[in-house]
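What you see below is based on every heavy atom in this structure, not just the backbone, and it leaves out hydrogens, waters and symmetry mates.
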Amino acid sequence: MRHPSKSPITLRATLIGIILIPFNSYWVLHLSYIWDSNRPTSLALLFNVLFTLLVLIGIGAILRRLRPTLAFTQSELLTIYAMLCQASVFAGRDMLQVLVPLMGNGFWYATTENEWTQLFHQHLPEWLVVGKQEVLRGFYEGESTFYLQTHVQAWLLPTLIWVGFCLVIGVTMLCLNVLLRKQWQEHERLTYPIAQLPYEITRAALNVGNLRTTPHLFFNRRMMVVGLSIAAILNLLYSLHQIDPVFPTIPLYRGFRLPDKPWSAMNNPGFRISFFPFAIGVGFLIPLDLGFSCWFFHLFWHFQRIIGESFGWRGAIGFPKEMAQIRGVWMALFLWTLWMGRAHIKVVLQTVFGRHASTANDEGEALHYRTAAIGAIIGFIFILAFCIKAGMSLWFAFLFFALYFAMSVTITRIRAELGPPAHDLYNAGPDLLLTDALGTRRIGNRNLSVMSLFFWLNHLSYRAHPMPHQLEGLKLAHQTRFNPSQLLWVLAIAIFVGALSAAWGHLHLSYQVGLEQARSWYARAAFNRLAGWLYNPSETSISGMLYTAGGFGFAVSLLLLRWRFIQWPLHPVGYVVSSWWTFTGLWFPLLISWTVKRILLSTGGVRLYRRSIPFFIGLVIGDVIVASIISILGLIFDFRVVYLSW
């Protein structure tokens, strides 16, 4: 079978993406690090990248009128979109914004009282950290500049090494995505809900394929204009009211502090009612059963907390011990993913290791399966060598990163199949799984200390994860028939430029305002936790493993029920993504969108649902446009709006 030729990725698109990445990283840093305002990388659909895409579409429309040959093509727009997504997750609140302070926190906050110097300084490799107090003073206190020779020299080597490590992690994920793509996109035909919005916007706006339809039909639909206007007005009023209370507003976000037991158990992570147009619009596009599962299970988590408080279990045995349960749920989803793709995995293994394997199995892929497998293995070996050089034991490094990549594959599968608006798997990574299973005493002080340097990689970064964005980029490449092999190179460039520009931006801003005056506290928790482990070594946590086993069993039960009963409404993905803070602001918008979608499908069927989609896409676009413009104006004129939308 002859496959149609792939259109190449243009040099223009690559250069535009590279030029935009530093500005994008600086914008993201200001939003989440300096202002603690909108957190674009807390959600699956990155609003900063979507806004940039809309701006480029507008510029392309102007170019088309002036000189049609200069207008952007769909493949160019989607290439830039994929590059900015990849750069944004590294610049986001959960990765480089934690990594950069992590290099100095263990030394700056060391005191005679906490004895950090004696506890773990000898276990932290000098080439990965910055320990000089005179260099760190400006970083934490501000009113200084990064551009002093002593500052640049102290930060240069560890920063470049960590940026190189980011590149290795990203390229390893790219190779894994090549091995997974065909099973999920062509065999199982997963829907990739998050990727569909940029695809549909660019396809309809540019009238791809010379279709004889009304130009810009997608943007001229009345329902979309109505949705866009409603979202824009609500967000504008909310933002202006924060700038000056004289402006009227409609509250979009309300948190409740419940003082009385057992309801006070809901205060952590919190109980909130919100009306965010962005979240309502995204929720309308996800499958009906997932929407139901998300808001239902978020309330179910609160129900468990209330029950635990009522019977005294919360204080006695930690019930419901959310994060331990979540570890079991994601492991069940990972094993289920392997089982569902077992035939494809067999084909991949035969192609990689077979002597006479047919090349037809990987025809049209970004890389041959054998090349992708070798790349993934080399990347994994390089990561292990990095860990060993840093002082970690081989066996522990292998377990840690095997679990990390298993969890990465699971999150990528969740996004490809169901596209939840967020996947906040807080504290569900390999660090706490291994300390529960093995005990800190068996792991050892050196392993624990070096593992703490990977706090940025596995503490919160699952909601801003590179691997799902990579797979969605490959999906868009195959869907629009631009060259996926070239896309791999472009994404690798985006990872390097994005990580480097994010590290520079963080250092630049920190020496100006001071880390202690900014709003980044996550990295401090890494060494507080490490000190606790070293002060009080523990054995295997039986209770933690029991909760993990319980989460695993619960997820398997739900999966079997869905396999046995087609109409079973509860999906374990809803359970795994809705447990913690991010979903406190999302569950009510998802309840609204689920209710409306169910009514539309019940009364008018699929036809009425499809006719309603432009309205909800308008909610997303209107919210994104106003939130982005307000934040950019705030950056220029130095004012801050907290929680513009989400």
Exercise for the section: Give the intermediate values and the outcome of side chain to side chain contact (heavy atoms under 4.5 Å, CB included) for residues L476 and Y192. Expected result: CA-CA 10 Å; L476 293 170; Y192 293 77; over 6 Å; no
Would you compute the distance between atom [atom1] of [X] and atom [atom2] of [Y] and round it to the nearest 0.5 angstrom?
{"X": "I414", "Y": "H571", "atom1": "CD1", "atom2": "NE2", "answer": "8.5 Å"}
{"X": "I243", "Y": "F637", "atom1": "CD1", "atom2": "CZ", "answer": "11.0 Å"}
{"X": "Q183", "Y": "R189", "atom1": "CD", "atom2": "CZ", "answer": "12.0 Å"}
{"X": "Q74", "Y": "T202", "atom1": "CD", "atom2": "OG1", "answer": "3.5 Å"}
{"X": "L561", "Y": "L570", "atom1": "CG", "atom2": "CG", "answer": "9.0 Å"}
{"X": "L77", "Y": "I201", "atom1": "CG", "atom2": "CD1", "answer": "10.5 Å"}

Validation row: [X], [Y] side chains within 4.5 angstrom (heavy atoms):
{"X": "R463", "Y": "V577", "answer": "no"}
{"X": "S293", "Y": "V573", "answer": "no"}
{"X": "Q304", "Y": "Q325", "answer": "yes"}
{"X": "L418", "Y": "P193", "answer": "no"}
{"X": "Y426", "Y": "M323", "answer": "yes"}
{"X": "L78", "Y": "T480", "answer": "yes"}
{"X": "K182", "Y": "H344", "answer": "yes"}
{"X": "L236", "Y": "I630", "answer": "yes"}

Exercise for the section: For the pair F554 and Y575, evaluate ring-ring contact (aromatic ring centres under 6.0 Å, His included) and give the outcome as yes or no after the intermediate values. Expected result: CA-CA 10 Å; F554 183 64; Y575 195 63; 4.8 Å; yes
Practice task
Verify the distance criterion only: is there a donor paired with an acceptor across the side chains of T52 and N24 at less than 3.5 Å?
Solution key: no
Exercise for the section: Please check if any side-chain donor atom of N235 sits under 3.5 Å from a side-chain acceptor atom of S239, or the reverse. Expected result: yes
Should the pair [X] and [Y] be assigned to parallel (<30°), tilted (30 to 60°) or perpendicular (>60°) ring geometry?
{"X": "W27", "Y": "F51", "answer": "perpendicular"}
{"X": "F297", "Y": "F300", "answer": "perpendicular"}
{"X": "H302", "Y": "F271", "answer": "perpendicular"}

For [X] and [Y], work out which heavy atoms get closest and say how close.
{"X": "W184", "Y": "A416", "answer": "CE3-CB, 4.2 Å"}
{"X": "F72", "Y": "L56", "answer": "CD1-O, 3.5 Å"}
{"X": "L586", "Y": "A422", "answer": "CD1-CB, 3.7 Å"}
{"X": "V89", "Y": "H465", "answer": "CG1-O, 4.1 Å"}
{"X": "P198", "Y": "L53", "answer": "CB-CD2, 3.8 Å"}
{"X": "P277", "Y": "L234", "answer": "CG-CD1, 4.2 Å"}

Practice task
May I ask you to decide whether E472 forms a salt bridge with K475, counting only side-chain N to carboxylate O separations under 4.0 Å?
Solution key: no
Handout entry: Note: E417-R413 ion pair, threshold 4.0 Å (strictly below)
Key = yes
Problem - Results of side-chain hydrogen bond (donor to acceptor under 3.5 Å, both in side chains) for H478 - residues two or more places apart only - result: R181
Exercise for the section: Go through the steps to decide whether T337 and T410 satisfy the test side chain to side chain contact (heavy atoms under 4.5 Å, CB included), and finish with yes or no. Expected result: CA-CA 8 Å; T337 297; T410 305; 5.6 Å; no
Handout entry: Test log, rule side chain to side chain contact (heavy atoms under 4.5 Å, CB included), inputs F278 and L45
Key = CA-CA 10 Å; F278 179 93; L45 183 62; 4.0 Å; yes
Exercise for the section: Name all pairs fulfilling the salt bridge (Lys or Arg N to Asp or Glu O under 4.0 Å) condition that reach into residues 558-583, sequence neighbours left out, sorted by first residue then second. Expected result: D289-R562
Handout entry: Ring centers of W580, F583 separated by less than 6.0 Å
Key = no
Problem - Ring centroid separation F276 to Y253 under 6.0 Å - result: yes
Practice task
Let me see the working for V329 and T548 under side chain to side chain contact (heavy atoms under 4.5 Å, CB included), right down to the final yes or no.
Solution key: CA-CA 8 Å; V329 177; T548 298; over 6 Å; no
Tell me whether [X] at atom [atom1] has more than 12 heavy atoms from other residues, nucleotides or ligands lying less than 6.0 Å away.
{"X": "I250", "atom1": "CD1", "value": "no"}
{"X": "W336", "atom1": "CH2", "value": "yes"}
{"X": "F256", "atom1": "CZ", "value": "yes"}

